[in-house]
Q: 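Below is a structure I'd like to ask you about.
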Amino acid sequence: MDEQHLWAPRPRTAPRPSRWGQFVGLAAGLLATALLAASCWFGFHAGHQRPDRPSAGVGILRQMGHGHSLPTFGSTELHDACAVIKIQDLNGLGVPLSENEPVVQQRVDGSVLPEAAITQSPADAAHCSYPLANGNTLTVTVHQTPFTAAADLDFLKQAGYRAGATLKTESDLSLAQWHDKQSDAQRLNAWKQDILIDVSIGTSKPWPANGMDAPTLATKLEPLVTTAIITGPIGHTEHFYEDPFSRLRDPCESANYAAFDRAFPSHAGVSSIVRGTYHPTRSQSDVLMSCRRSNIVRGGSLNEVEHRELLVEFSVADSPQAARAENARFCSGSEVVDATPSAGHARSCLVKSGTDWALWFQLDQVNIRVSTPGLGGTAEEVGDRVVPAALAIVEFGVNH
C-alpha cells in the first residue's frame, strides 16, 4: 500500500526486542525528554470566534479544547496529555506557571490507520509538561495500547509496587502515589487494562509554604486523572496566543506532512508524531514556539536507523520590516551559505552552529529556522533536506 494512504487527516478550521531493561531509567527520563524541545504555539485568526474562551493562563499563552474528531492510532482513540490537566486547572489550584519556560506538548497529529499503527517506545508517548513558578515541573504522560506495547504497559503499571506505594482502587481503576527518589518527583499513577496516566510533580526545588506541596497537589489532581480515564479522550488541546500573535499558525501546522515528506522523500512510516513547545512570553529574537515532527517506525525514537525528525522554530517580530532586519542579522557571519533556491521574503541562508547546519528564512513577521536533528552533513547535504521543507512551509504559510 502506498504510504500516503496510511494516514487519515483530521478536519481543520483553516486553509524490536523487549526493552524492559531500559524502563527503570525511563520514568525519570520522560521528564527530561519532554523538556528537550525548543519552543512553540498555536493561534487562530483574530476574527475567528472561539466558542469556549479559556481562563487566563500565563502571559499571552492560552489553551482551548479542540472541537474536531479524535485522533486514532489504529482503532484506538487517543488521549491528549494536555487535556488531562490544563493550565486553568493549575490556576484554579493556585499553582502558577513559570513565565520564562515553555509548555511542552507531544501528541499524534491526525489519525494513523491500522496498517501504519506500529508500536512505539514508551518515551514517545503523549505527554504534556508544565514548568512551575517554583522551579519544578509537572508532567502528564499517557501510555495506551497499541501505541505502547502491552508488555511495556504492564511493566509501567508496576512502578508504584516497586517503590512500595500503597495501591487503591476507585471506579474500576487502580491508583498509586509515591515519591520517586530517582527522578526526585512525586508520582501519581492511575490505570486500567489498556491505559496508564502518569503524573510527575518535581520536588527538587522548595515548594512555597502556602499549604500546597507536591503530595497535596498530586492528591488534588487525582479526580482530573481518573475522570479523564473514565470519560475517555475529548480531543487534543490547542495552544494559541492573544493579539498581536493571534493570527499565527502552530508550527506543527505549518511544518506539516508535506514539509516532512519533502525533507525525507524516502522515509519509512507516516510523519504523525509532533512535539510542540509554547513559550508564555516572548523576548525579541528568541524562539517563541517550535515543532518537532517525526515518523512512526518500529521502536520509535529508539530506532536510530529509520527515525527522522524535522525541527521548525519560529522567532516572531512585531512586523515584517522588523523580521527582515532580524533576518539580516541571522544570515550574517563567517559560516553562512546562501540557500538555493531561496525561500520566503528575504534572504534564506544555511548557518552553521557547532557542527550542524540549519536554514534560516523569513516569512511575513516570522523568522523560521529549519533543521534535521541527528543527521548532520555538509551545508549542501543539509540544504537538500531543509530547503524543500522550507518551500512547503512557504506554500502553506504561517498566518491564518
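Note that the coordinates shown come from a computational prediction; the quantities given were computed from them, not determined experimentally.
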Q: Would you kindly say whether S301 and D124 are connected by a side-chain donor-acceptor distance under 3.5 Å?
A: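 Present: a donor and an acceptor within the cut-off.
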
Q: Between the main-chain N or O of A268 and the side-chain N or O of N295, is there a donor-acceptor pair closer than 3.5 Å?
A: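 Checking the backbone N and O of A268 against the side chain of N295, a donor-acceptor pair under 3.5 Å is found.
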
Q: Are S348 and L359 packed together at the side-chain level, in the sense that at least one heavy-atom pair is separated by less than 4.5 angstrom?
A: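 S348 reaches L359 side chain to side chain.
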
Q: Does the distance from a Lys or Arg side-chain N to an Asp or Glu carboxylate O, for K192 and D172, drop under 4.0 Å?
A: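 No, no charged N to carboxylate O under 4.0 Å.
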
Q: Taking the side chain as every heavy atom from C-beta outward, state whether E222 and L188 have any atom pair closer than 4.5 Å.
A: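 Yes - at least one pair of side-chain heavy atoms lies under 4.5 Å apart.
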
Q: Establish, yes or no, whether the cationic atom of R262 lies under 6.0 Å from the six-membered ring centre of Y257 and within 45° of the ring axis.
A: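 No, cation not above the ring by the 6.0 Å, 45° rule.
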
Q: Flag the pair F260 / H267 as yes when their ring centroid distance falls below 6.0 Å, and as no otherwise.
A: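 For F260 and H267, the ring centres are under 6.0 Å apart.
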
Q: If we ignore hydrogens and angles and just use 3.5 Å, is the side chain of S272 paired with the main-chain N or O of V108 as donor and acceptor?
A: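 Judged by distance alone, no pair lies under 3.5 Å.
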
Q: Quick one: are Q144 and L78 in side-chain contact, heavy atoms under 4.5 Å?
A: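 They are in side-chain contact.
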
Q: Rounded to the nearest 0.5 Å, how far apart are CH2 of W178 and CG of L167?
A: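 Separation between the atoms: 10.5 Å.
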
Q: Report the C-alpha separation of R62 and E242 in whole Å, then their side-chain angles, then the decisive distance to 0.1 Å, and conclude whether the salt bridge (Lys or Arg N to Asp or Glu O under 4.0 Å) test is met.
A: CA-CA 8 Å; R62 303 287 186 263; E242 299 292 354; 3.7 Å; yes

Q: With a cut-off of under 6.0 Å to the ring centre and 45° to the axis, is R162 in cation-pi contact with F155?
A: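 Yes - R162 lies over the ring of F155, closer than 6.0 Å to its centre and within 45° of its axis.
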
Q: Taking atom types as modelled, is there a side-chain donor on D213 or T216 under 3.5 Å from an acceptor on the other?
A: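 Indeed, the side chains of D213 and T216 share at least one donor-acceptor pair under 3.5 Å.
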
Q: Side chain to side chain contact (heavy atoms under 4.5 Å, CB included) with L221: which of V140, L138, V84, T226?
A: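 Passing option: L138.
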
